[in-house]
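Whatever order the structure lists them in is the order used to number ligands and atoms, beginning at 1. Note that the numbering runs from 1 along the sequence shown for the chain.
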Amino acid sequence: MTIDIPQITLNDGHRFAEVGFGTYRLTGDDGIAAIASAIETGYRVVDTAVNYGNEAEVGEAVRSSGVGRDEVIVTSKIPGRHHGYDEAIASTRDSLATLGLDRLDLHLIHWPNPSVDRYVDTFRGMLRLQDDGLIRSVGVSNFTEAMLDRLIEETGAIPAVNQVEMHPYFPQTALRAFHETHGIRTESWSPLARRTELLSETTITEVAAAHGVTPTQIVVRWHVQNGSTPIPKSAHADRQRENADVFGFTLTDDEVARISALERGRLWDGDPNTHEEM
Ligand SMILES: NC(=O)C1=CN([C@@H]2O[C@H](COP(=O)(O)OP(=O)(O)OC[C@H]3O[C@@H](n4cnc5c(N)ncnc54)[C@H](OP(=O)(O)O)[C@@H]3O)[C@@H](O)[C@H]2O)C=CC1
Ligand SMILES: O=C(O)C(=O)[C@@H](O)[C@H](O)C(=O)CO
């Protein structure tokens, strides 16, 4: 049975979902099968990037899933080497050709790469493509408050989404408050902290036992109740279902706070002020 993942409306009026699907490292025929299985399970937000090398697989999975194109919210990302106004336009056209689609539902700047200092022009190129109908929603990834302030100030446009590292070890409290003020949707990458020891933390296992669900479901639900869209990746149909099946229970405020208290900081060298990803 398909899981009915609730949808939300972004600041530009377009649809998004409370839980989406990550596709990093899902490639080849196995990747197509895994992504199609996620769509059949009920995921409607599918996250890819030029740098994942699997846009072709994502396009094929959308077509083979049996779910209508208009129901799936396909997201891709512009890599650092394509920053710039003309480059962003060319990069997006290449993404569409590789995906075999005529529009992206959400397109993000993958990393700000501040030393290159071309993310504002990149965003302007994306706004142009939005006007042309090739991109529905424009957003960013790995942007700080200061970078968002500058983007808004210099373009007059507010990104619909900022996709950032977020999990109970890194709850992004200040950035989420900023997003809320501006109507930007938070989207959590590596929402399961890439299956590190997070899932066996006593806090997580205790709360899971209290609700009769799995530790992973507790973590996904924690994102949902914090107003962020997690995009867990799994190559396995049973785990895809488990990760999406989080709408039959509710964490108490105290449980959300206990999980957030696991905070310890970023897990990787992913500080947007210094990380450069081409
Ligand atoms: N914008 C950015 O800079 C970034 C974006 N991303 C995006 O975020 C997505 C998700 O992040 P990702 O780094 O993949 O990490 P996740 O936090 O989603 O963790 C994925 C890992 O958890 C395992 N897993 C998934 N579900 C379960 C489960 N129910 N029980 C046990 N293990 C499970 C997966 O294994 P298995 O597949 O074997 O089930 C995989 O090893 C990416 O795929 C990508 O789309 C990620 C990093 C950076
Ligand atoms: O997966 C992504 O979107 C990335 O940006 C990766 O580079 C990620 O940051 C990573 O793999 C870090 O080890």
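- The parts of P191 lying near ligand 1 are both backbone and side chain, judged by heavy-atom distances below 4.0 Å.
- Remark: minimum distance from atom 41 (O) of ligand 1 to any protein heavy atom is reached at R195 NH2, 3.5 Å.
- Across H275, K233, Q240, heavy-atom proximity to atom 24 (N) of ligand 1 is greatest for K233.
- In the candidate list T196, I231, D238, T216, T216 is nearest to atom 30 (N) of ligand 1, counting heavy atoms.
- At a heavy-atom cutoff of 4.0 Å, ligand 1 is contacted by the side chain of N243 but not by its backbone.
- Using a 4.0 Å cutoff on heavy atoms, K77 counts as a contact of ligand 1.
- Heavy-atom proximity to S234, at under 4.0 Å, picks out these atoms of ligand 1: 25 (C), 26 (N), 36 (P), 37 (O), 39 (O).
- Checked by distance only, ligand 2 and W189 stay at 3.5 Å or farther apart across all their nitrogen or oxygen atoms.
- Counting atoms of ligand 1 from 1 in the listed order, those under 4.0 Å from a heavy atom of D47 are 7 (C), 44 (C), 45 (O).
- With atom 36 (P) of ligand 1 as the reference point, the heavy atom nearest to it among E277, Q163, R241, R239 is part of R239.
- Y24 N, 3.0 Å is the protein heavy atom nearest to atom 43 (O) of ligand 1.
- With a 4.0 Å cut-off on non-hydrogen atoms, E242 touches ligand 1 through its side chain and not its backbone.
- Close approach of ligand 1 to Y52 is summarised as follows: ligand atoms under 4.0 Å from at least one heavy atom of the residue are 4 (C), 5 (C), 6 (N), 7 (C), 44 (C), 45 (O).
- With a 4.0 Å heavy-atom cut-off, ligand 1 is reached by the side chain of S141 but not by its N, CA, C or O.
- For ligand 1, the atoms lying closer than 4.0 Å to a non-hydrogen atom of H236 are 36 (P), 38 (O), 39 (O).
- At a 4.0 Å heavy-atom cut-off, ligand 1 does not touch T214 at all.
- Residue contacts with ligand 2 for K233 are absent, since no atom lies close enough (heavy atoms, distance under 4.0 Å).
- The closest side-chain heavy-atom distance from I259 to E201 is not below 4.5 Å.
- Residue, atom and distance of the protein heavy atom nearest to atom 17 (O) of ligand 1 are L192 N, 2.8 Å.
- Close approach to A193 involves these atoms of ligand 1, each under 4.0 Å from a residue heavy atom: 17 (O).
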